[in-house]
Each structure stands twice: as structure tokens, then as C-alpha cells.
Asks: 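This is the structure I want to talk about, given as C-alpha cells.
Chain naming here is simple, since letters A, B, ... match the order of the sequence lines and numbering starts at 1 in each.
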Amino acid sequence: MSKLQGLRGMNDLLPEQSSKWQYVEATFKQILARYGYNEIRTPVLEDTSLFRRSIGEATDVVEKEMYTFDDRNGESVTLRPEFTAGVVRSVIEHSLAHNQTQRLWTMGQVFRYERPQKGRYRQFHQLSVEIFNLAGPDIDAELILLSARLLRELGLSDQVTLELNSLGTPEARAHYRNLLVEYLTQHQDVLDEDSQRRLTTNPLRILDSKNPDMAEMLAGAPRLLDHLDDESRAHFDYLKDRLTALGISFRINTRLVRGLDYYSRTVFEWTTTALGSQGTVCGGGRYDGMVEQLGGKHVPAIGFGLGIERLVLLLETLDLFPDTISSTVDVYLTAVGPQAEQLALPLAEQLRDQLPELRLQLHCGGGSFKSQIKKADRSGARVALLLGEDESANGAIGIKFLREERDQEQVSQAQLSERLAVLFEAAQ
RNA sequence: GUGGAUGUAGCUCAGUGGUAGAGCCCCGGAUUGUGGCUCCGGUGGUCGAGGGUUCGAUCCCCUUCAUCCACCCCA
């Protein structure tokens, strides 16, 4: 019998980590609110065909990474491997993009059956932002600026690079695809096994290969950016101008094609070198054809996904979490002796009524002053409240400062909340 | 899915073919009502799991599971 343990690649978020996640999530939500974006939540489980139709049959995600199984009714269902498909389904189902624009975000778990490694897990979390019914490059610029701000306000500006490309319209892409296949076929002897297979299924992805033996040959391949249609070129130029004007630096990466079939025109990634080989923190692009492909009307759309595990990992690596998030307690209330223990619980409740912002932890489990104060210290609290036999008899309470050179105070219990309000005023 | 490394106390790690140790953490004491520093003592382990070799395996062999790293792919 094996030991009790969680599933491979699926991690528990332990208390020590959760405050970091809350900090990241709170930062995201606050910024998204400032941009006027609305939250949408869709189910973790969807009909399998939704993902097959939207992401593309020939992609790695659909070919080998989906958690797919039959439910009790024999329907094939799949744990979402990304957010876009589910959000699009919901937008179509509820006519959210009917004669109106939508700027949406969602956050939660996604699942991919892959071999885990640093920054790559089978259950992971994303922030996903999706925008509907805006076709112009101005919204592309807004979306990228939003993603830049999310990273910047966490302190990551210097650690990430924006990579940018345009895939053009499906027609331009198809035309380019033919040129590329022609070129690659001429150099078929250099292609590795994977690329041979992709030659017919997804030739654009061959460009992304890291195989050094193919680097020289790929460098001579025709470039997608040289074969854009006029409108896509104008769209891309406008976007680049806006980003430049706003001081967002970027690197054009003509090999950036991304792994999901549905993209068109603008695609982008935020990457870092600080996380080893899983360097993409955020990636997205325009998917103008997808709503129609899933049975809706023609609705232009653009979005991105941002990996929260990778972001937390990056912030940890660079030591960018503020110190203030580590403590969850402001005040630790001790109680020594039977009378004090009786008084402590109502006193704690009273303080929580009077000072709702104050984070107060009550000592339970008895023990000496020494051990209780030690626990107060370990809790991270700024002050310990001392309630012993003498204080209980006198209606008093001691205020001991744990983090500063400052004399211990003795106040009446009646004055306590007033005194704490003053002491914690600046902090709140 | 492929390749490599690693699994010993809650954590970080030593270790030996004769059934285990340190540091940190935790608890208690030195200080009969006061944390952090110091000193003393204590709790805590089916040595990842299963099988094999052996008189005897934590150590050697096989299998398996997990973690990490890389490939691949992406968040």
C-alpha cells in the first residue's frame, strides 16, 4: 500500500505560500478593476469537442495533454487546458458579444497532462483576459499595456521581455504556409523526426524548434512577416507605433507562432531567463476567427493567459515579495490562569467588534507566560497583550511590544481598544 | 512520451552489509508572570513502496512511485 499522496504534478498550496498568492491575486484584481474589466467564471469541465474544435486537432495540447474521460452518461468531457475556449463558449451561449464589446478576465485552475518540471505542472493556475468585439489595433495596445502593468506593479519590469509577432489573416497565413512547406521540403534531409511529422500537420511550429542542427536551415526560411496582407501589416505597424510611443519596448520574433491554432494577427509573449527552460510567463494573441468557428457570428477577439505559478516562482527567485505579506497577526492575546482564560475569549470578541481591521489571535491551550509570549513572537504579531491573574483581578491588561524598543504599558481593559486604535492607526 | 539525478526525523542533510545520526524546528528547564541571545535536557524515523540476494539489507540487485533537471511543449 503506497503512502497517501496527491496526484503527480498537482500541488497543495500551503499556508506559507498562500499569502504570496493572495498578494499576487489582489494586485491583479485591483489593476483589472482600474481598467474596467469584468470577471467571468466558467466551469472547469467542458465538452471535449469544444477544445478539439477551438484549440486545433493537430496541436500538442489536444493530441496528448488533455485530461479527457467519459462521464457517467458516456459523454466525453475534458478538464480545461486553457481558458479561452470555455469563455468563448459562454460568450456565445449567453450572447454577451451581441452588439456590444466585452472586456473580461477569469482566474483559476487549468489542467494539462505533461511531465512536470520546474514551472510546469499538471494542475496550474492562470489569469486569463479576453476581449470581444474590438477589431482594431488600439485594443491590442491596451491589452499589452495591461499585461505590462500587471508585471510592472509586481516589480518585474526589468526581468521580462515582450516578444511580438503578427500571423496575418488566415488567408495570408495559408499562402505563407505553402511557401514555407515548399522551402522545408527542399531541405527535408535536415529536418528532425518531429519536424518531418509537422511538415504536414503544423509546419509553422517547425520554425520554433530549438534543434541546433536545423538552426541554419531555418534562418534561411521565408519569414511570415514578409508575407502579411496589407491590412494585417497596417494593424501591426499601428500597434508597434503605439507601444513605442508609450515606452513599452519589445522584440520582434518572427518565429513566435504559439501552440494553439486559433491565433491570427497579433501574438505576443512575456518571457524571462530567470526560470530555466519554462520561460514564458504570459502569452496571448488575437483570435478573430474563433467565435465564428464555434458557431457564433463573426466576433473579433484578443486575449492572453498568464501563469501564476511561474509568476510566484519568479517573484520568489528575485525576492520581490514585500515583507508585509508574511505576517497574518497584529495582536496576540495571552491568557494565563483560569480567570484570565475565561475573560480572554469575550475580550477578544469585543476587540474584533470595536476594531474590525485589527488582526487578533487569541492564545489557546494554556501554558506559562514564557511559552505564550514565545508563541506571540512566532506569530509575527507586533504586540502581545498580557492577561494574567493580577490583570484579571484589577481589570487591567499589559501591552508588550515585540518588534520595537519601547516600554511595556499597562492600561485598563476599558481603555484597551482606544489605545490599540492609536497604536495601529498609522499601519491602517 | 525520452534521457539524467535524487528519495534517511516536520525541514536541510550526514552515514554504515550487523535494524540509524547532526543542525534547524517543536516541547521543557536554567529565569516559581515576560519572546528574540546563550546553555542543558527531551519528543520525534515502518531509512519512499514492493520484491530478491544474504545468517542478517537503510546500504547490493530488480520493479514501482514520487520529486528535481533537461528534451519536448507551453502558463
Side-chain angles (χ1 to χ4, degrees), chain A residues 1-11 14 16 55 59-65 80-84 107-129 147 160 192-195 197-198 202 205 208-212 256-260 269-272 275-284 303-314 332 334-337 340 363 365 367-392 398-405 407-408 410:
Chain A
M1 202 56 191
S2 57
K3 224 186 336 186
L4 198 60
Q5 59 188 191
L7 255 31
R8 178 171 212 188
M10 306 213 179
N11 303 121
L14 303 179
E16 194 198 348
I55 295 170
T59 59
D60 285 334
V61 169
V62 169
E63 269 183 4
K64 51 192 186 193
E65 295 173 4
R80 62 188 176 205
E82 52 118 42
F83 275 108
T84 305
M107 195 153 41
Q109 298 94 324
V110 289
F111 302 83
R112 288 185 201 171
Y113 192 90
E114 293 184 88
R115 186 94 167 244
Q117 66 180 79
K118 183 177 186 173
R120 189 170 80 180
Y121 311 99
R122 288 184 171 179
Q123 174 185 269
F124 60 103
H125 297 74
Q126 285 187 348
L127 166 70
S128 194
V129 177
S147 68
V160 290
D192 58 27
E193 197 183 332
D194 242 17
S195 302
R197 187 174 55 81
R198 289 205 176 108
N202 201 344
R205 291 219 51 80
D208 222 11
S209 170
K210 287 175 203 155
N211 187 340
L256 180 64
V257 297
R258 307 202 37 80
L260 314 177
E269 279 185 10
W270 287 97
T271 60
T272 177
L275 287 182
S277 64
Q278 308 302 324
T280 303
V281 170
C282 174
F304 67 74
L306 188 153
I308 299 180
E309 277 82 357
R310 286 183 189 176
L311 200 62
V312 170
L313 218 48
L314 190 56
Y332 192 96
T334 65
V336 177
H363 179 86
S368 63
F369 260 116
K370 183 187 174 74
S371 66
Q372 295 199 23
I373 290 170
K374 193 166 186 167
K375 288 204 169 73
D377 183 36
R378 297 288 154 85
S379 78
R382 182 179 158 213
V383 309
L385 298 178
L386 308 185
L387 187 61
E389 287 176 28
D390 295 349
E391 289 82 357
S392 301
I399 302 177
K400 180 181 175 66
F401 296 90
L402 299 170
R403 318 267 160 233
E404 54 209 295
E405 286 293 331
D407 289 339
Q408 187 170 321
Q410 194 84 358

Asks: Could you give the distance from CZ (A/Phe83) to CE (A/Met107), rounded to the nearest 0.5 Å?
Replies: 9.0 Å
Asks: Rounded off to whole Å, could you give me the CZ-to-P distance for the A/Arg122 and B/rC73 pair?
Replies: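 For the pair A/Arg122 CZ and B/rC73 P, the rounded distance is 18 Å.
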Asks: Let me know the distance between CD of A/Gln5 and P of B/rG48, rounded to the nearest Å.
Replies: 13 Å
Asks: What is the distance, rounded to the nearest whole Å, between atom CG of A/Leu256 and atom P of B/rC73?
Replies: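 So the CG-P distance, A/Leu256 to B/rC73, works out to 14 Å.
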Asks: If each of A/Arg8 and A/Arg112 is mapped to the nucleotide of RNA chain B with the nearest heavy atom, which maps nearer the 5' terminus, i.e. the 5' end?
Replies: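 Closest to the 5' end, via its nearest nucleotide, is A/Arg8.
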Asks: Could you please name the option among B/rA70, B/rG33, B/rC68 that lies closest to any side-chain atom of A/Gln117?
Replies: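 Side chain of A/Gln117 sits closest to B/rA70.
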Asks: What integer number of Å spans the P atoms of B/rU16 and B/rC72?
Replies: 39 Å
Asks: What is the nucleic acid contact for A/Leu386, judged by heavy atoms within less than 4.0 Å: base, sugar-phosphate only, or nothing?
Replies: base
Asks: Within this structure, what is the CZ-to-P distance between A/Arg115 and B/rC71, rounded to whole angstrom?
Replies: 13 Å
Asks: Classify the nucleic acid contact of A/Val336 as base, sugar-phosphate or nothing, counting any heavy atom under 4.0 Å across all strands shown.
Replies: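 No contact.
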Asks: Work out which heavy atom in A/Arg403 is nearest to a heavy atom in A/Asp377; give both atom names and the distance.
Replies: NH2-O, 2.8 Å
Asks: For RNA chain B, whose closest nucleotide is more 5', that of A/His125 or that of A/Gly367?
Replies: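 Closer to the 5' end of RNA chain B: A/Gly367.
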Asks: Any chance you could list the contact pattern along nucleotides 35-42 of chain B? Use B for base contacts, S for sugar-phosphate-only contacts and - for none, protein heavy atoms under 4.0 Å, 5' to 3'.
Replies: BB------
Asks: Which whole number of Å gives the distance between the C1' atom of B/rG15 and that of B/rC71?
Replies: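 B/rG15 and B/rC71 have their C1' atoms separated by 35 Å.
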Asks: Would you mind classifying the nucleic acid contact of A/Gly279 as base, sugar-phosphate or nothing, using non-hydrogen atoms under 4.0 angstrom?
Replies: base
Asks: Do the side-chain N or O atoms of A/Ser277 get closer than 4.0 angstrom to the phosphate oxygens (OP1, OP2) of B/rA70?
Replies: yes
Asks: Considering only atom C1', compute the distance from B/rG45 to B/rC61 and round it to an integer number of Å.
Replies: 25 Å
Asks: Can you tell me how far the CD atom of A/Gln109 sits from the CD1 atom of A/Ile308, to the nearest 0.5 Å?
Replies: 9.5 Å
Asks: Tell me: CZ of A/Phe111 to P of B/rA75, nearest whole Å?
Replies: 16 Å
Asks: Rounded to the nearest 0.5 Å, how far apart are NZ of A/Lys400 and CD1 of A/Ile373?
Replies: 5.5 Å
Asks: Work out which heavy atom in A/Tyr121 is nearest to a heavy atom in A/Gly9; give both atom names and the distance.
Replies: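 Heavy atoms of A/Tyr121 and A/Gly9 come nearest at CB-O, 3.4 Å.
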Asks: Ignoring hydrogens and angles, tell me if any N or O in the side chain of A/Thr334 forms a donor-acceptor pair with the backbone of A/Leu385 under 3.5 Å.
Replies: yes
Asks: Hey, does A/Gly398 reach any base, or is it just sugar-phosphate, or nothing, if we go heavy atoms under 4.0 Å?
Replies: nothing
Asks: Tell whether A/Glu65 reaches the base of B/rG1 with its side chain through a donor-acceptor pair below 3.5 angstrom.
Replies: no
Asks: Name the nucleic acid region contacted by A/Gly9, choosing base, sugar-phosphate or nothing; use a 4.0 angstrom heavy-atom cut-off, strictly under.
Replies: sugar-phosphate
Asks: Using the C1' atoms only, state how far B/rA14 lies from B/rC24, rounded to an integer number of Å.
Replies: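 That atom pair is separated by 14 Å.
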Asks: Verify the neighbour count for atom CD of A/Glu404: are there more than 12 heavy atoms of other residues, nucleotides or ligands below 6.0 Å?
Replies: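 It does: A/Glu404 CD has more than 12 such atoms within range.
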Asks: If we take the C1' atom in both B/rG21 and B/rA9, what is their distance in whole Å?
Replies: 10 Å
Asks: Is it the case that more than 12 heavy atoms not belonging to A/Gln408 sit under 6.0 Å from its CD atom?
Replies: yes
Asks: In terms of side-chain geometry, is the basic nitrogen of A/Arg198 or A/Asp192 positioned less than 4.0 Å from the acidic oxygen of its partner?
Replies: no
Asks: To the nearest Å, how far apart are A/Leu7 CG and B/rC65 C1'?
Replies: 12 Å
Asks: Can you give the donor-acceptor pairs under 3.5 Å from side chains of residues 110-119 of chain A to other protein atoms, not counting sequence neighbours?
Replies:
residue, atom, partner, partner atom, Å
A/Arg112, NE, A/Pro81, O, 2.8
A/Arg112, NH2, A/Pro81, O, 2.9
A/Gln117, NE2, A/Ser277, OG, 3.1

Asks: Kindly compute the distance separating CD (A/Glu309) from CD (A/Gln278), expressed to the nearest 0.5 Å.
Replies: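 Answer rounded to 0.5 Å: 12.5 Å.
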Asks: Could you measure between the two P atoms, the one in B/rG28 and the one in B/rU64, and give it in whole Å?
Replies: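 After rounding to an integer number of Å, I get 48 Å for this pair.
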Asks: Under 4.0 Å, heavy atoms only, any strand: does A/Glu16 hit a base, just the sugar-phosphate, or nothing?
Replies: nothing
Asks: Determine the Euclidean distance between corresponding C1' atoms of B/rU38 and B/rA75; express it in Å to zero decimal places.
Replies: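 49 Å, rounded to whole Å.
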Asks: Expressed as a whole number of angstroms, how long is the span from A/Lys118:NZ to B/rC71:C1'?
Replies: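 That distance rounds to 17 Å.
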Asks: Taking N and O atoms by type only, does the side chain of A/Arg120 place a donor or acceptor under 3.5 Å from a partner on the base of B/rC68?
Replies: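 Answer is no: no donor-acceptor pair is held.
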Asks: Using the C1' atom as the reference point in each nucleotide, state the distance between B/rA49 and B/rC39 in Å, no decimals.
Replies: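 My reading of the C1' atoms in B/rA49 and B/rC39 gives 42 Å.
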Asks: Which pair of heavy atoms, one from A/Ser392 and one from A/Gly388, lies closest together, and at what distance?
Replies: OG-O, 2.7 Å
Asks: Can you run through RNA chain B from 5' to 3' and write each base as (, ), [, ], | or . depending on how it pairs? Watson-Crick or G-U wobble, both distances under 3.5 Å.
Replies: (((((((..((((....[..)))).(((((.......))))).....(((((..]....))))))))))))....
Asks: Rounded to whole Å, please give me the gap between CD in A/Gln372 and C1' in B/rC27.
Replies: 15 Å
Asks: How would you label the contact of A/Gln408 with the nucleic acid (heavy atoms, under 4.0 Å): base, sugar-phosphate, or nothing?
Replies: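 Base contact.
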